[in-house]
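Comments concern the structure below.
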Amino acid sequence: MSPAIALIDGNSFYCSCERVFDPKLAGVPVIVLSNNDGCAIARTAEAKALGIRMGEPYFKIRDLCRREGVRVFSSNYALYGDMSARANAVYRTFAPDVEVYSIDESFLDLSDVRERDRVELARDLRATVRRWTGLPTCVGIGPTKTLAKLANHIAKSIPDLRGVCDLSDENERAAWLVGIPAGEVWGVGRASLAKLQALGVDTVADLRDLDLRPARKALTVVGERIIHELRGRACLPLELVPARWQGCAMTRSFSARITERAELEQAVAAHAAQLGEKLRRDGLATNQITVFYHTSEHDRGDPMRSTSTVIHLPEATNDSLALIKAAQHGIARTWREPVGIPWRYSKAGVITTDLVPLAESPRALFGALDRERSGALMAAMDACNTRFGRGSVVPARAGLVEKRTWSTKFEMRTPRYTTRLAEVPSVLAHLPA
DNA sequence: TCTGGGGTCCTAGGACCC
DNA sequence: TCTGGGGTCCTAGGACCC
């Protein structure tokens, strides 16, 4: 039995999640915006056809959207995350070995399925996901992850394939690869593409046939791996158990510029508190954080400032209060009073890059934290926030959620239909008299 | 007026060690 | 003027991904 990997992904995933709960959105252009309603990060086929590009700032296309009747939504991550979990639950009923690669993409191991049955299974999977979750998907199949990704790309661009493309057969595969630009390959970005083109590589077939030596010279081992994968030799195993995070970040653009130290301190404290919350969910901890904030590169003519500093803790922790203290220390260390025009800060964040499981982390000889107390307090706080909703209990320094002037904007967000009881859709049934 | 956020992997180069 | 040969570890920066 030849190895086979399928990549299944949701079409215009965020937009499709919105469509599941509003049938009127079918067939009309839909886009979903990034945080602060900044950029278009998901577009349906109809929106793409209007020329709306990935990452396009919303203010530039607002008129177009109004004119063309594009339905515009803020990101509703609670909804998308939950829909993603539902889709993966369906995948697992078809193939037990699933790697959840991103919120809208999963790799499935189909090695145990006979080659001639794979396409049919994939079609069945698509139909079932559609029926059970409402989400449209496409499936690509190949002997390696890279080829499965490529197959998925083909499935999405050729309607005749009805959402499934199988590149298992070497001859069929070769015929496809000559017609696809090398830039479509997973792992070949802009910079790599330019180097490849200098080597005379234009199509995926060219890349597959490139000698390993020049490939390695131009693109390091990453490029060599891609070529092996294109030739059908797997270098990227299925990661069935999610790897432990190495780092974690909480960074946000403000909905309005910040000039006051107190506001900046509050924002950074809120980020530190949320970072602690994320770490606690996975039992992870950190003994150093980086705090940064900066003005916007789009504010031409304004004074620019960007600063970042690393704060070390006596021992690893995920206690929000300890992280807040460290983060505010970072502000104290870097804050500068403006002399003339104040700096208008646009974004701040707290980052860690060295996560360790709290239980395995060494204790400090001096300055050790009281983990018993801290653990109990944090557990109580997390329990309140789970039960009564996020932001019900926050550390004082992070400020009450509704009083945060810098908070991210989500002005066009749909209800969190599947994760908030207060927001589930209601149905009215009129009985005949 | 309004321009996202969160990850991973790889390499080169410096510091340091014996 | 001449001045070895290995290691390891860390960091910054680049590239890529969704």
Side-chain angles (χ1 to χ4, degrees), chain A residues 7 9-14 31-43 52-63 65 72-77 80-81 84 99-107 145-146 149 152-153 182-196 215-226 235-236 239 242-257 271 274-275 278-279 282 284 288 290 292 294-300 302 308 310 312 344 346-355 407-412:
Chain A
L7 175 74
D9 79 338
N11 306 341
S12 315
F13 184 68
Y14 293 176
I31 62 173
V32 172
L33 303 176
S34 63
N35 283 340
N36 278 319
D37 299 334
C39 308
I41 53 168
R43 308 106 74 219
I52 298 175
R53 289 189 311 262
M54 180 67 179
E56 184 132 43
Y58 178 49
F59 74 90
K60 286 190 183 168
I61 51 172
R62 184 170 294 159
D63 289 343
C65 290
V72 182
F73 297 95
S74 306
S75 290
N76 187 344
Y77 295 113
Y80 311 150
S84 171
E99 172 187 338
V100 180
Y101 175 68
S102 73
I103 194 164
D104 74 324
E105 284 175 87
S106 292
F107 289 104
K145 281 183 167 180
T146 304
K149 283 281 272 187
N152 182 280
H153 165 76
E184 296 296 339
V185 174
W186 190 35
V188 178
R190 226 181 31 203
S192 301
L193 184 63
K195 289 178 195 165
L196 288 174
R216 180 164 193 143
K217 199 151 177 256
L219 307 186
T220 79
V221 298
V222 178
E224 216 177 312
R225 213 150 46 201
I226 289 171
C235 302
L236 305 168
E239 316 264 358
R244 202 178 79 202
W245 292 347
Q246 299 180 17
C248 188
M250 259 304 306
T251 73
R252 285 284 179 282
S253 296
F254 308 127
S255 53
R257 302 281 188 261
H271 293 153
Q274 267 209 269
L275 184 73
K278 283 209 258 180
L279 297 187
D282 289 277
L284 297 172
Q288 66 172 52
T290 301
F292 78 85
H294 57 69
T295 55
S296 169
E297 52 194 38
H298 301 296
D299 290 347
R300 309 257 160 171
D302 280 6
S308 105
V310 180
H312 297 266
R344 298 168 66 242
S346 66
K347 182 173 180 177
V350 179
I351 304 170
T352 79
T353 52
D354 57 342
L355 299 180
S407 276
T408 311
K409 273 195 310 192
F410 297 97
E411 286 179 348
M412 295 163 278

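Per chain, numbering begins at 1; letters A, B, ... match sequence-line order. Just so it is clear, the values below take in all heavy atoms, side chains as well, and ignore hydrogens, waters and symmetry mates.
Across the protein-nucleic acid pair, D282(A) atom CG and dG7(B) atom P stand 10 Å apart, rounded to whole Å. For Y80(A) and dG6(B), the OH to C1' distance is 17 Å, given to the nearest whole Å. The nearest whole Å value for the distance from the CZ atom in F254(A) to the P atom in dC2(B) is 14 Å. A straight line from NZ of K145(A) to C1' of dC17(C) spans 12 Å, rounded to a whole angstrom. The CZ-P distance, from R244(A) to dC9(B), rounds to 12 Å in whole Å. At whole-Å resolution of the value, CH2 in W245(A) and C1' in dT8(B) are 14 Å apart. Residue I226(A) contributes atom CD1, which lies 12 Å from atom C1' of dC10(B) at whole-angstrom precision. If you measure from atom CE of M54(A) to atom C1' of dC16(C), you get 14 Å, rounded to the nearest angstrom.
Residue K149(A) has a polar side-chain atom (N or O) positioned under 4.0 Å from OP1 or OP2 of dC18(C). Put simply, R225(A) has no side-chain N or O that comes within less than 4.0 Å of OP1 or OP2 on dC16(C).
For the residue pair N36(A)/T408(A), the side-chain donor-acceptor check at 3.5 Å is not satisfied.
Note on R216(A): nothing from the nucleic acid sits closer than 4.0 angstrom, heavy atoms only. When heavy atoms are screened at a 4.0 angstrom cut-off, S192(A) is found touching the sugar-phosphate backbone but no base atom. Looking at heavy-atom distances under 4.0 Å, D37(A) makes no contact with the nucleic acid at all. When heavy atoms are screened at a 4.0 angstrom cut-off, G247(A) is found touching the sugar-phosphate backbone but no base atom. Among the protein residues, V185(A) comes within range of the sugar-phosphate backbone only, with heavy atoms under 4.0 Å from sugar or phosphate atoms but none that close to a base. Among the protein residues, E56(A) comes within range of no part of the nucleic acid, since none of its heavy atoms lies under 4.0 Å from any strand. Residue-level contact check: N36(A) touches neither bases nor backbone, having no heavy atom under 4.0 Å from any strand. Backbone-only contact: K347(A) has heavy atoms under 4.0 Å from sugar-phosphate atoms and none from a base. Residue Q246(A) is classed as a sugar-phosphate contact, given heavy-atom separations below 4.0 Å to backbone atoms only. R62(A) comes within contact range of at least one nucleobase, with a heavy-atom separation under 4.0 Å. At the heavy-atom level, K278(A) lies under 4.0 Å from the strands shown only through sugar-phosphate atoms.
Nearest heavy-atom pair across I52(A) and A40(A) is CG2-CB, 4.2 Å.
Under a 3.5 Å cut-off, the side chain of S75(A) and the backbone N or O of L33(A) do form a donor-acceptor pair. Side chain of S74(A) to backbone of M412(A): a donor-acceptor contact under 3.5 angstrom is found. Side chain of K278(A) to backbone of A249(A): a donor-acceptor contact under 3.5 angstrom is found. Side-chain N or O atoms of D9(A) include none that pairs as donor or acceptor with a backbone N or O of D104(A) at under 3.5 Å.
The aromatic rings of W186(A) and F107(A) sit tilted relative to each other, their planes meeting at an angle between 30° and 60°. A parallel orientation is assigned to the rings of F292(A) and H294(A), their planes being inclined by less than 30° (bins at 30° and 60°).
Pairs of Watson-Crick or G-U wobble type, with distances under 3.5 Å, assemble into runs of 3 or more in DNA chain B at these ranges: B:5-18 with C:5-18.
Ranking dG7(B), dT3(B), dC16(C) by closeness to the H298(A) side chain, first place goes to dT3(B). Of the listed nucleotides (dC18(C), dG6(B), dC10(B)), dC18(C) has the atom at the smallest distance from the side chain of D104(A). With dT3(B), dG5(B), dC10(B) as the candidates, the nucleotide lying closest to the side chain of T251(A) is dG5(B). You'll find that the side chain of R344(A) is closest to dC2(B), out of dC2(B), dC18(C), dG5(B).
Both F59(A) and T408(A) sit near DNA chain B, but only F59(A) has its closest nucleotide nearer the 5' end. Between C248(A) and I41(A), it is I41(A) whose nearest contact on DNA chain B lies nearer the 5' terminus.
Around CZ of R53(A), the count of heavy atoms belonging to other residues, nucleotides or ligands within 6.0 Å does not exceed 12.
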